[in-house]
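Only one structure is covered here, and it is reproduced in the block below.
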Amino acid sequence: MIRIAIQSKGRLSEDSLALMREAGIKIDEVKRKFLARAAGFPLEVLYLRDDDIPGVVEQGSADLGIVGLNEVEETGAKVRVVRKMGFGACRLSLAIPKEQEYTGPQFFSSKRIATSYPEILSRWLKANNVNAQIQKIMGSVEISPAAGLADAIFDIVSSGGTLVSNGLKEVETVLYSEAVLVARENLEPEKQEILDKMLFRFDAVMESGGKKYILMNIPTAKLEEAVKILPAMRSPTVMPLAADGWCSLHSVVRESELWDKIERLKELGAEGILVLHLDKVID
Ligand code: ATP
Ligand code: MG
């Protein structure tokens with residue numbers, strides 16, 4: 001049995017649960033009890049506030065956790081980052097009122113900076129030899145300059161829309177963050193074995209993200225060129241068609257490259273192109 005801590009409600013909860021669901025680990029999501037037992041996998045889920053997750057994993061009340069890298073860095077918890085999870089992307093940035101001219105890190109010298117991340121900020125200030133005053137506040141950081149509470153902020157940014165609507169501009173990015181899977185140091189071998197099984201499933205789910213299964217009919221004479229456009233996991237699958245001079249070509253492509261490849265394949269004479277959802281990819 002292994003115990004994982006995830007955020008009880010908030011930005012990472014749904015994606016964390018969805019990943020487990022897709023990995024065939026079923027948890028009762030309706031009753032989010034403090035501690036829940038999964039079906040079909042030797043796992044318990046501990047629902048916590050995200051701030052508490054790194055510490056709980058470090059001191060051993062949970063073996064694993066899914067939490068933003070920003071929280072791991074802020075708490076300084078000694079845990080092992082096992083995987084980047086591919087969701088919850090954001091950055092921790094310094095922002096100042098938009099009408100002010102930014103002159104580099106020394107801009108912050110003697111300024112008051114509001115933040116919920118004083119540890120990460122103080123490390124950055126030290127590394128840049130800046131003497132500033134950190135004001136720790138837990139909410140509404142972005143309105144503090146307008147309210148006269150601070151001269152600048154250090155906060156989470158994703159699209160940047162919140163900064164703009166508060167008359168601020170981003171001037172330094174200090175940390176790029178996303179949700180990570182963390183593990184307690186020195187996991188017992190039987191727990192490590194369960195973790196490895198989980199990782200095998202998570203990797204298959206994550207690997208399928210952003211990929212599509214594509215199949216089409218292609219003139220046999222153009223097959224060689226088409227295969228060059230479509231390298232698959234090993235190589236594309238080719239099947240003869242009843243119609244003479246044609247075959248069916250199957251492959252896996254990255255979604256980001258999909259339209260470009262389709263255009264090139266059409267130029268080669270590909271017809272009846274189908275693009276299908278990929279559920280899992282097991283290498
Ligand atoms: P809790 O009640 O669990 O303490 P919270 O309010 O501290 O929740 P959320 O706002 O749910 O935290 O954010 C959780 C994590 O999601 C952040 O620590 C960060 O890693 C990530 N995240 C991604 N995008 C954003 C964003 N735009 N704003 C805030 N957090 C974001
Ligand atoms: Mg929190």
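For the single chain, residues carry numbers from 1 onward in sequence order. Whatever order the structure lists them in is the order used to number ligands and atoms, beginning at 1. Hydrogens, waters and symmetry mates are skipped; everything else that's a heavy atom, side chains included, is used.
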Open item on the list: Taking atom NZ as the centre, does K111 end up with more than 12 heavy-atom neighbours from other residues, nucleotides or ligands that are less than 6.0 angstrom away?
Closed with: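 It does: K111 NZ has more than 12 such atoms within range.
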- [ ] Give me the other members of the hydrophobic cluster that L168 sits in, counting Ile, Leu, Val, Met, Phe, Trp and Tyr linked by side-chain heavy atoms under 4.5 Å, directly or via other members.
- [x]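 Result for L168 is I137, V141, I153, V157, L163.
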- [ ] Please write out which residues are connected to L241 in a hydrophobic cluster, directly or through intermediates, given that two of Ile, Leu, Val, Met, Phe, Trp, Tyr count as joined at side-chain heavy-atom separations below 4.5 angstrom.
- [x]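 The other cluster members (ILVMFWY side chains, heavy atoms under 4.5 Å, direct or chained) are W246.
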Task: ring-ring contact (aromatic ring centres under 6.0 Å, His included) against F108, all qualifying residues, sequence neighbours excluded - done: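 Counting only residues at least two positions away or on another chain, F108 forms a ring-ring contact (aromatic ring centres under 6.0 Å, His included) with Y102.
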Open item on the list: I want to confirm something. Looking only at heavy atoms, which of N70, V67, D50 is nearest to atom 12 (O) of ligand 1?
Closed with: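 Selected option, by shortest heavy-atom distance: D50.
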Task: Contacts of the Mg ion (ligand 2) with protein N/O/S atoms, counting only those under 2.8 Å - done: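 Short answer, with waters excluded from the count: D50 OD1, D51 OD1.
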Task: Heteroatom distance test (D51, ligand 1): nitrogen or oxygen, under 3.5 angstrom - done: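 For ligand 1, there is an N or O atom that lies under 3.5 Å from one belonging to D51.
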Task: Salt-bridge criterion met for E207 and K211 (N-O under 4.0 Å) - done: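 Between K211 and E207 there is a salt bridge, with a charged N closer than 4.0 Å to a carboxylate O.
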Task: Closest approach of any protein heavy atom to atom 25 (C) of ligand 1, naming residue and atom - done: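 Heavy-atom neighbour on the protein nearest atom 25 (C) of ligand 1: R11 CD, 3.5 Å.
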Task: Step-by-step ring pair (Phe, Tyr, Trp, His ring centres under 6.0 Å) determination, Y213 to H277 - done: CA-CA 6 Å; Y213 191 84; H277 169 75; over 10 Å; no
Task: V157 contact mode with ligand 1 (heavy-atom cut-off under 4.0 Å) - done: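 Under 4.0 Å from ligand 1, V157 contributes no heavy atoms.
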Open item on the list: I'd like to know if atom 6 (O) of ligand 1 has any protein heavy atom within a distance of less than 4.0 Å.
Closed with: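 No; the ligand atom in question lacks any protein heavy-atom contact below 4.0 Å.
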TODO: Look at ligand 1 and say whether A89 reaches it with a heavy atom at a distance under 4.0 Å.
DONE: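 Yes, A89 has heavy atoms under 4.0 Å from ligand 1.
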